[in-house]
Amino acid sequence: MSRYNVTETEAKWQAEWERRGSFRASEQPGKPKYYVLEMFPYPSGRIHMGHVRNYTLGDVVARHRRALGFNVLHPMGWDAFGLPAENAARDSKIHPAKWTYDNIATMRAELKRMGLSLDWSRELATCHPGYYQHQQKLFLDFFAAGLVHRKEAFVNWDPVDHTVLANEQVIDGKGWRSGAPVEKKKLAQWFFKITDYADELTDALEGLDRWPEKVRLMQENWIGRSSGAEIRFQIKGRGDRITVFTTRPDTIFGMSFCAVSPDHALADELAKKDARLAAFIAECRQSGTSEAAIEAQEKKGYDTGLKVLHPFIPGRELPVYVANFVLIEYGSGAIFGCPGHDQRDLDFARKYDLPVIPVVLPPGEDPKTFAIGDTAYTETGTIFNSDFLDGLDIETAKKEVGRRLEAMQAGHPTTVYRLRDWLVSRQRYWGCPIPVIHCDKCGVVPVPDKDLPVRLPDDVSFDRPGNPLDHHPTWKHVDCPNCGAKARRETDTFDTFVDSSWYFARFCSPRADVPVVREAVDYWLSVDQYIGGVEHAILHLLYSRFFMRAMKRTGWAKIEEPFAGLFTQGMVLHESYRDESGKWLYPEEVKKLGDGGATTLDGGKVTVGRREVMSKSKKNVIAPAAIIDSYGADTARLFMLSDSPPERDLEWTEAGVEGAWRYINRLWRLVSEPPAVLPAPGAAQPKELSQAAEQAWRLVHKTIAAVSESIDALRFNVAVAQIRTLSNALEALTGKGPGEAWVLAEGLRILVRLIGPMTPHLAEEMWATLGGSGLLCDQPWPKADPALIVDDVVKVAVQVNGKLRATIDLPRDAAEQAARDAALGAPNVVAAMAGKPARKVIVVPNRIVNVVV
RNA sequence: GCCCGCUUGGCGGAAUGGUAGACGCAACGGACUUAAAAUCCGUGGGCCCGAAAGGGCCGUCCCGGUUCAAGUCCGGGAGCGGGCACCA
């Protein structure tokens, strides 16, 4: 028996595809294009199962679209800048570039063994000057267009490591590596003005109808548009005002205090003359920003002694506090407090004994007796205790207050956003240098285009904490391009999210000496199907949407939305194992028992943990390379596609892999050792088909239709099930009856094309064995014969009072009367009706008859 | 706290409001084999009646509703998971 030789076969076809350049893409005006993209990997060292799943999903789409006649672009690259390379440099004395390029070489080789239909000629790495020089150019264009600014901002500062930390790197208020309490420090940083697009980025979400609803919602919440009013309160005895943002201007008559953030300019000013206030502010800055810290933290305030005047109540003065719960980043960094209708304000008012005046009356409450207890009232109601607002509903009152504030020039309706400008400066070496120069005379001077790229120096050391670019003896010292005086290079590099915000555009013209070639991006973009993990639902996908708009503004593209279709795949899970001492064990270090338990290889006790995301720390990882070594890429691909719907998490199981492996061998046996001699391609269809052959032939066509639909909807697990149903039926053909050998041969030739996107190597091999000409990957997608996908006789269910009582055979599209008569004549139906007359009979053609008695 | 999603056999999962459990995994019974692996055939939601053929009742997290008909639609609740979070 000829066993399927995976290793040889897969290598053979991979070489053949590469030799022919089967998946090279080029612009072909007039041909419909299709751009399939999976989120490019970070070169961490090895390919992991998450990658395998991601790229397999994308490859099915790419190969299917190719077969449908689309001009497909399916590229691959490397998100190659980032911190792990610097850590490796520090810990193992390997240069970040070497570490990164070595990893890329390893991972590229691993990826190539998966048989992906990628255009490798377009490969790019973001750490290559050939990529990042164009990023620098884009930055300069954005800068010139006013989309970039430099400003002082509070950042997380690690006083031990001497570096800024991202929010994600602050755990419980402490630096993730040093463990030192993080300080909020004001530093000059570079920002992209993503907030300029806050409205547009929100509004355009609605048009992204091929994005998951969930991701659109997350982005909407993240941008956090909320409308309300700005109110400017006059400070008593001073010329200036405090500007406050509120979503509840209707509760203005319930106001009992004003509060500003400890980081507010007014607090700063007052602290200069008030040591106790200065101490209070310092204390506020100390305390952590973590969830737990906030939860535990009490509302605290410091009475500045200042008073503000109520805009609508002459003579009413209200105290001004500096309060720890007011955020400088949101709104104007100041609030008015209405304790009756805001829980935080209520907590604060109770602590400092401030008045609580209810101004929204819940429906059915008596205005004379209604009072606020420990819970602020935030629901709907009627305004009272509020002069000219009395009796109005909340929405009307908001409008009225807005109108009056405007008339008094004391405020106006406005919209604020949770979204903040994107801080892109990082005090890191392994990133794209920000191409500006600081000159004492000229200020910030952009690096002239002719001096690009600003290259990273190779000779850096990592033996000191902080930014190696800053420590470099010569790199930062340059002459001002403007005045020629001694000046200093910017030593910050870009956040790596900048690199990934436009790589999909660079893929359209990856070797161009400009960031992108307009004809190429105009032809290929937007990405028709983008596939990746949901963990990028906000940052990467939002930044890319901003970048596309910025590129349009600067003339590099004509569209706003980079990704027309988005699919977020589930994660790959595996059981975890621990031995008696609690040490994590790799799956290959345990022996599985039949009852779901496990032992160590020498019989020791093992605790089987729940299935969770594969992670190195828990050792519940399976190396893709090992799976490909023993089962081949097609097996891994088939298992991942068939076991779970792609959007859900997938549990990796040895048994499931075995199942996929068995199926591949079974298909191969059917093709290599068919039960009868198979007619060559093109043989005419026999005039007569046995009943079995006829049925199988109909199933072939039904399967074409069903699989096409399933793949189109990315329901690959269903597509695989449908193909298996077909192969089960073809397998049952003996090849002896009239036409059976022909149906078997033609059915297999179609089956091979249907499974081609999923198990491409096996499909090529079967195609060749079946005498197909050319490569399978160049074959068009099969077409279903509409006449064959409907049966002449259909099974119709018969219900009595909604309960199934019989199944009857009827000619397709039988007349209603005929269906009714047949249904009422079925013995079980007669019995179930127990002699009662049918009150009503519902006939759904070709499906069901329901008799109501 | 706010927002969102999910819940179907032992397991992964199928099912345009129309025969719940396709397809597979694990399991069990059998064939082949000295034996095992591989392979092949068969059984498979629960309970009940029947020797069998077959039939009955219950069943898609819980409670209620709409409908001739609900896993699917609507209202309420529980559990699990995710996102955001002192956002005024």
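Residue numbers start from 1 in every chain, and the chains themselves are labelled A, B, ... in the order their sequence lines are given, proteins ahead of strands.
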If we take the [atom1] atom in both [N] and [M], what is their distance in whole Å?
| N | M | atom1 | result |
| --- | --- | --- | --- |
| B:C80 | B:G64 | C1' | 23 Å |
| B:C63 | B:U39 | P | 45 Å |
| B:U34 | B:G42 | P | 25 Å |
| B:U8 | B:C73 | P | 16 Å |
| B:G21 | B:U60 | P | 14 Å |
| B:C11 | B:C62 | P | 15 Å |
| B:A20 | B:C61 | P | 16 Å |
| B:U7 | B:G71 | C1' | 11 Å |

Every protein N/O within reach of nucleotides 4-10 of chain B N/O, cut-off under 3.5 Å:
none

What nucleotide, of [options], holds the atom closest to the side chain of [X]?
| X | options | value |
| --- | --- | --- |
| A:R418 | B:C87, B:C25, B:G12 | B:C87 |
| A:I538 | B:G83, B:G12, B:C40 | B:G83 |
| A:L327 | B:G13, B:A88, B:C68 | B:A88 |
| A:R611 | B:A88, B:G12, B:C86 | B:G12 |

Can you tell me the base-pairing partner of [N]? Count Watson-Crick or G-U wobble geometry only, both distances below 3.5 Å, and say none if there is no partner.
| N | answer |
| --- | --- |
| B:A37 | none |
| B:G17 | none |
| B:C73 | B:G65 |
| B:C80 | B:G5 |
| B:A85 | none |

Heavy-atom check, side chain of A:I711 versus side chain of A:L754, under 4.5 Å |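 They are not in side-chain contact.
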Would a 4.5 Å heavy-atom cut-off, applied to side chains only, mark A:F716 and A:L57 as touching?
->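 Yes - at least one pair of side-chain heavy atoms lies under 4.5 Å apart.
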Under the rule for salt bridge (Lys or Arg N to Asp or Glu O under 4.0 Å), what residues qualify as partners of [X], not counting sequence neighbours?
| X | answer |
| --- | --- |
| A:D821 | none |
| A:R820 | none |
| A:R241 | none |
| A:E395 | A:K398 |

Cut-off 3.5 Å, no hydrogens considered: what does the side-chain donor-acceptor table look like for residues 638-648 of chain A, sequence neighbours left out?
| from | atom 1 | to | atom 2 | distance (Å) |
| --- | --- | --- | --- | --- |
| A:S642 | OG | A:L638 | O | 2.8 |
| A:S642 | OG | A:F639 | O | 3.4 |

Rounding to an integer number of Å, can you tell me how far [X] [atom1] sits from [N] [atom2]?
| X | N | atom1 | atom2 | answer |
| --- | --- | --- | --- | --- |
| A:I335 | B:C86 | CD1 | C1' | 10 Å |
| A:I223 | B:G83 | CD1 | C1' | 14 Å |
| A:Y330 | B:A85 | OH | P | 13 Å |
| A:N221 | B:C3 | CG | C1' | 6 Å |
| A:L542 | B:C84 | CG | P | 13 Å |
| A:R344 | B:A85 | CZ | P | 14 Å |
| A:R820 | B:C68 | CZ | P | 16 Å |
| A:L641 | B:G12 | CG | C1' | 14 Å |

Base, sugar-phosphate alone, or nothing: which one does [X] contact when heavy atoms must sit under 4.0 Å apart?
| X | result |
| --- | --- |
| A:R805 | sugar-phosphate |
| A:V326 | base |
| A:D347 | nothing |

Aromatic rings A:Y577 and A:H574: how do their planes relate, parallel, tilted or perpendicular, breaks at 30° and 60°?
->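 Perpendicular: the ring planes of A:Y577 and A:H574 meet at over 60°.
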Whichever of A:F325 and A:V534 has its nearest RNA chain B nucleotide further upstream toward 5' |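 Nearer the 5' end of the strand: A:V534.
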Establish, for the pair A:K299 and A:F348, whether the NZ or CZ atom is under 6.0 angstrom from the six-membered ring centre and no further than 45 degrees off its axis.
->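 Negative - A:K299 is either too far from the ring of A:F348 or too far off its axis.
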Under the ring-ring contact (aromatic ring centres under 6.0 Å, His included) test, residues paired with A:H540 that sit two or more places apart =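 ring-ring contact (aromatic ring centres under 6.0 Å, His included) list for A:H540, sorted by chain: A:Y530, A:H536.
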In chain order, what residues pass the ring-ring contact (aromatic ring centres under 6.0 Å, His included) check against A:W422, with sequence neighbours excluded?
->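 Residues passing ring-ring contact (aromatic ring centres under 6.0 Å, His included) with A:W422: A:F192, A:Y543.
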Residues A:R225 and A:D199 bridged, charged N to O under 4.0 Å =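 Between A:D199 and A:R225 there is a salt bridge, with a charged N closer than 4.0 Å to a carboxylate O.
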Using a cut-off of strictly less than 4.0 Å between a heavy atom of the residue and any atom of RNA chain B, enumerate the qualifying residues of residues 247-264 of chain A by number.
->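 Heavy-atom contacts with RNA chain B come from A:T247, A:R248.
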Could you give the side-chain donor-acceptor pairs of residues 795-805 of chain A under 3.5 Å, partners two or more places apart or in another chain?
| from | atom 1 | to | atom 2 | distance (Å) |
| --- | --- | --- | --- | --- |
| A:K795 | NZ | A:D809 | OD1 | 2.9 |
| A:N801 | OD1 | A:V853 | N | 3.1 |

For A:P319, all residues meeting side-chain contact (heavy atoms from CB on, under 4.5 Å), sequence neighbours excluded |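 Here the qualifying residues are A:F257, A:D303, A:K307, A:Y321, A:L354.
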What form does the base of B:G9 take, syn (within 90° of 0) or anti?
->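 Base orientation: syn.
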Protein-nucleotides 17-24 of chain B N/O pairs under 3.5 Å:
| from | atom 1 | to | atom 2 | distance (Å) |
| --- | --- | --- | --- | --- |
| B:G24 | OP1 | A:N728 | ND2 | 3.0 |

